[in-house]
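Residue numbering restarts at 1 for every chain, and letters A, B, ... go by the order of the sequence lines.
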Amino acid sequence: MAITTGIKGFNDILPNQVEKWQLIEATARRVFGIYGFSEIRVPIMEKTELFARSIGDATDIVEKEMYSFTDKGENLVTLRPEGTAGVMRAFIEHKLQVLDPVTKLYYLGPMFRYERPQKGRSRQFHQIGAEVVGVTNPRVDAQLLVMLCHFFTDLGLTEPTLQINSLGCPDCRPAYRASLKGFLLERLERLCDDCRRRMETNPLRALDCKVAGCGETTADAPSVLDHLCQGCDDHFVAVRRHLEATATPFTINSRMVRGLDYYTRTTFELVTGLLGAQSAVAAGGRYDGLIQELGGPALPGIGFAMGVERVALLLADRETGRSPDLFIAAHGEAAGDEAFRLMIQLQRQGFWVEIDYEGKSLKSQMRRADKLKARFTLIIGEEELLTASGMLKAMATGVQVASPLDPSLLAEALSCS
RNA sequence: GUGGCUAUGGUGAAGCGGUUAACACUUACGACUGUGACUCGUACAUACGUGGGUUCAAAUCCCACUAGCCACCCCA
């Protein structure tokens with residue numbers, strides 16, 4: 001394959017798209033900041049074992065989607081397929097719990113999963129995620145969800161809707177799982193091949209199978225929510241109560257399934273119908289056992305991650321708002337030197353100034369000034385050079401006035417109007 | 001890993017066995033006044049993903065490969 005072709009599933013984000021990305025990132029930083037979150041930056045590679053332990057050995061991510069390899073020191077390393085594992089590793093390694101009993105972190109950056117690319121999915125993709133460590137109280141679950149909704153509202157995206165569920169805990173989930181498995185076993189012949197396979201790996205998945213027959217078959221399957229232990233039930237009820245108290249719209253989806261093993265209790269997704277097969281724009285949940293499982297203190301955690309590509313897809317393309325303050329059109333070599341000198345001086349004062357670098361005709365330069373949507377154009381020719389005075393033209397009105405070739409006076413002219 | 005669809009310039013595309021491979025945008029130069037937008041003119045695919053085949057003749061038909069897209073699986 002030609003070396004000028006990128007790797008499958010690894011996409012360039014061109015300048016016109018980057019504007020959107022910057023808006024998403026800036027909104028996240030701003031909104032998450034309001035809720036007291038601090039950014040953490042962790043490496044994009046970790047020991048393979050970390051992901052296997054946290055995400056779960058039997059998950060598809062670990063089984064077949066990781067970019068894993070042996071480095072030159074014979075270490076088994078993996079390009080992060082998600083963010084939580086690395087952040088929790090850093091939390092434990094640096095004992096962040098001693099700084100504050102409540103740790104609120106957010107991160108953003110590329111993740112890697114070897115999957116077949118399709119709409120809203122690529123092999124290198126980007127997530128923005130947030131995690132809270134140290135709080136069991138359901139108020140923090142609600143707050144995290146409110147923050148997530150706040151973020152989307154600020155971006156002008158009201159379409160994705162919040163769905164929540166509870167997955168129970170290690171005390172009550174096994175019983176539910178057994179109950180569901182029993183239910184499915186009785187109806188084995190009505191399930192699709194995939195669901196039969198899921199029986200062993202993860203029976204919960206049968207609940208969101210897209211095959212029509214399976215949907216009907218599992219319509220009256222036992223619900224997790226009926227099998228929650230007292231603690232989990234109380235927790236879930238409280239989360240719902242707090243969401244209602246803060247007027248945060250949500251629906252309960254007891255059939256929602258998560259792909260990572262570490263989730264407990266509250267799980268949630270922000271779903272949209274506008275992204276083809278990819279309905280989840282952001283998703284997450286509580287992971288009360290993860291930190292201890294990784295060898296850290298017994299602290300609870302909850303977090304979410306959103307797919308930046310998916311958010312960007314939902315955002316309408318926006319016009320590039322930026323345009324130069326001034327274009328200096330020069331006629332002749334000496335004028336070109338003067339234009340260059342003025343440009344640098346004005347740039348040092350913070351103005352965006354453009355010039356022509358190739359000695360093009362005045363007409364060409366004016367055309368370019370227009371195309372760049374420069375607010376002003378300063379025209380310098382031989383005559384102007386003699387009097388040290390150029391013509392300053394306001395492009396919108398076409399009005400032009402003589403203006404001394406003086407950076408501070410020009411700066412003044414650019415600042416007003 | 002499995003399936004379906006598609007592959008023409010920088011972009012969007014016409015073309016359906018014999019055309020100078022339309023048209024539009026973009027870009028470059030020029031005309032209209034040393035000075036942009038509108039208008040007009042000129043230029044820009046030895047070439048139709050790659051490799052084979054059928055035919056007097058293929059961008060147009062057939063095969064293989066590759067890539068992209070969408071979907072399954074799974075997931076943010």
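For A:R113, whose side chain is taken as the heavy atoms from C-beta onward, the closest listed nucleotide among B:rA76, B:rC74, B:rG34 is B:rA76. Considering only side-chain atoms of A:Q400, the nucleotide from B:rA76, B:rU2, B:rU35 that sits closest is B:rU35. Each of B:rC69, B:rC74, B:rG34 was ranked by its minimum atom distance to the side chain of A:R121; first place goes to B:rC74. Looking at the side chain of A:D370, the nearest of the listed nucleotides B:rA37, B:rC74, B:rU35 is B:rA37. When distances are taken from the side chain of A:A277 to each of B:rA76, B:rC74, B:rC72, the shortest belongs to B:rC72. Among the nucleotides B:rA71, B:rG30, B:rC73, the one closest to the side chain of A:S364 is B:rG30.
If you take atom C1' in B:rA22 and the same atom in B:rU39, they sit 23 Å apart, rounded to whole Å. Here the separation of B:rA59 from B:rU8, taken at their C1' atoms, is 7 Å to the nearest Å. Between the P atoms of B:rU6 and B:rU60, the separation comes to 15 Å (whole Å). Of the P atoms belonging to B:rG4 and B:rU11, the separation is 28 Å, rounded to the nearest Å. Atom name P, nucleotides B:rG3 and B:rC61: the rounded distance is 24 Å, in whole Å. A distance of about 30 Å separates the C1' atoms of B:rA71 and B:rA14, rounded to the whole Å. For the P atom pair drawn from B:rG30 and B:rG18, the interatomic distance equals 41 Å after rounding to whole Å. With C1' as the reference atom, B:rC16 and B:rC44 are 27 Å apart, rounded to whole Å.
Of the two residues contacting RNA chain B, namely A:M366 and A:Q118, the nearest-nucleotide position lying further toward the 5' end is that of A:M366. In terms of position along RNA chain B, the nucleotide closest to A:N11 lies nearer the 5' end than the nucleotide closest to the other residue of the pair A:N11 and A:E269.
Both distances falling under 3.5 Å, in either a Watson-Crick or a G-U wobble arrangement, place B:rG15 opposite B:rU8. With a cut-off of 3.5 Å on both pairing distances, the Watson-Crick or G-U wobble partner of B:rC61 is B:rG53. Look at B:rC75: it lacks any Watson-Crick or wobble partner with both distances under 3.5 angstrom. If you check B:rG3 for Watson-Crick or wobble pairing at under 3.5 angstrom, you find it paired to B:rC70. Across all strands shown, B:rA28 forms a Watson-Crick or G-U wobble pair, both distances under 3.5 Å, with B:rU42. In this structure B:rU20 sits in no base pair that meets the Watson-Crick or G-U test at under 3.5 Å.
In this structure, A:K119 reaches the sugar-phosphate backbone alone: every heavy-atom distance under 4.0 Å involves primed, P, OP1 or OP2 atoms, never a base. No engagement by A:G129 is indicated, since no non-hydrogen atom pair under 4.0 Å with the nucleic acid exists. Within the nucleic acid shown, A:E65 comes within 4.0 Å of sugar-phosphate atoms alone, with no base atom in reach, counting heavy atoms only. When heavy atoms are screened at a 4.0 angstrom cut-off, A:G120 is found touching base atoms of the nucleic acid. Within the 4.0 angstrom heavy-atom criterion, only backbone atoms of the sugar-phosphate kind lie near A:R205; the bases stay farther away. Heavy atoms of A:I128 sit nowhere under 4.0 angstrom from any nucleic acid atom. When heavy atoms are screened at a 4.0 angstrom cut-off, A:A369 is found touching no nucleic acid atom at all. Within 4.0 Å (heavy atoms only), A:E384 reaches at least one base atom of the nucleic acid. Residue A:E383 is in base contact, counting any heavy-atom pair closer than 4.0 Å across all strands shown. Counting non-hydrogen atoms under 4.0 angstrom, A:R258 reaches the backbone sugars and phosphates but no base.
Below the 3.5 angstrom threshold, one finds no donor paired with an acceptor across the side chain of A:K64 and the base of B:rG1. Residue A:R310 places a side-chain atom within donor-acceptor reach of the base of B:rC75, judged by atom type and a 3.5 Å distance cut-off alone.
Checking the phosphate oxygens (OP1, OP2) of B:rA37, no side-chain nitrogen or oxygen of A:K373 falls inside 4.0 Å. In this model, the phosphate group of B:rC75 is not approached by any side-chain N or O of A:Q278 to a distance below 4.0 Å at OP1 or OP2. Between B:rG30 and A:S361, a contact under 4.0 Å exists linking OP1 or OP2 to a side-chain N or O. Proximity of A:K363 to the phosphate of B:rG36: a side-chain N or O atom is located under 4.0 Å from OP1 or OP2. Residue A:K8 has a polar side-chain atom (N or O) positioned under 4.0 Å from OP1 or OP2 of B:rG68. The phosphate of B:rU35 (OP1 or OP2) has no side-chain N or O of A:Q365 nearer than 4.0 angstrom. Contact check, A:R198 against B:rC74: a side-chain N or O comes under 4.0 Å of OP1 or OP2.
The structure places CD of A:Q365 at 10.0 Å from CD1 of A:I380, a figure rounded to the nearest 0.5 Å. Note that CG of A:L410 is 7.0 Å distant from CD1 of A:I328, once rounded to the nearest 0.5 Å.
Aromatic ring centres of A:F32 and A:Y106: separated by under 6.0 Å.
Between the CG atom of A:L315 and the P atom of B:rA76 there is a distance of 21 Å, rounded to whole Å. What separates CG of A:L79 from C1' of B:rA76 is a distance of 17 Å, to the nearest Å. Between A:W21 atom CH2 and B:rA76 atom C1' there is a gap of 11 Å when expressed in whole angstrom units.
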**OP:** Before giving the answer on side-chain contact (heavy atoms from CB on, under 4.5 Å), spell out for A:R240 and A:F250 the whole-Å C-alpha distance, their side-chain angles and the decisive distance to 0.1 Å.
**Re:** CA-CA 9 Å; A:R240 279 149 45 194; A:F250 68 92; 3.7 Å; yes
**OP:** I would like to know whether A:L313 and A:L275 meet side-chain contact (heavy atoms from CB on, under 4.5 Å); could you show each step before the answer?
**Re:** CA-CA 8 Å; A:L313 244 22; A:L275 247 38; 3.8 Å; yes
**OP:** Kindly indicate, with the supporting measurements, whether the criterion side-chain contact (heavy atoms from CB on, under 4.5 Å) is fulfilled by A:T84 and A:F304.
**Re:** CA-CA 9 Å; A:T84 302; A:F304 65 77; over 6 Å; no
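The backbone N or O of A:R80 sits nowhere less than 3.5 Å from a side-chain atom of A:E46 that would complete a donor-acceptor pair.
Taking the centre and axis of the six-membered ring of A:Y114, the NZ or CZ atom of A:R123 falls inside the cone set by 45° and 6.0 Å.
Salt-bridge formation is detected for the pair A:R258/A:E269: a Lys NZ or Arg NE/NH1/NH2 atom is positioned less than 4.0 Å from an Asp or Glu carboxylate oxygen.
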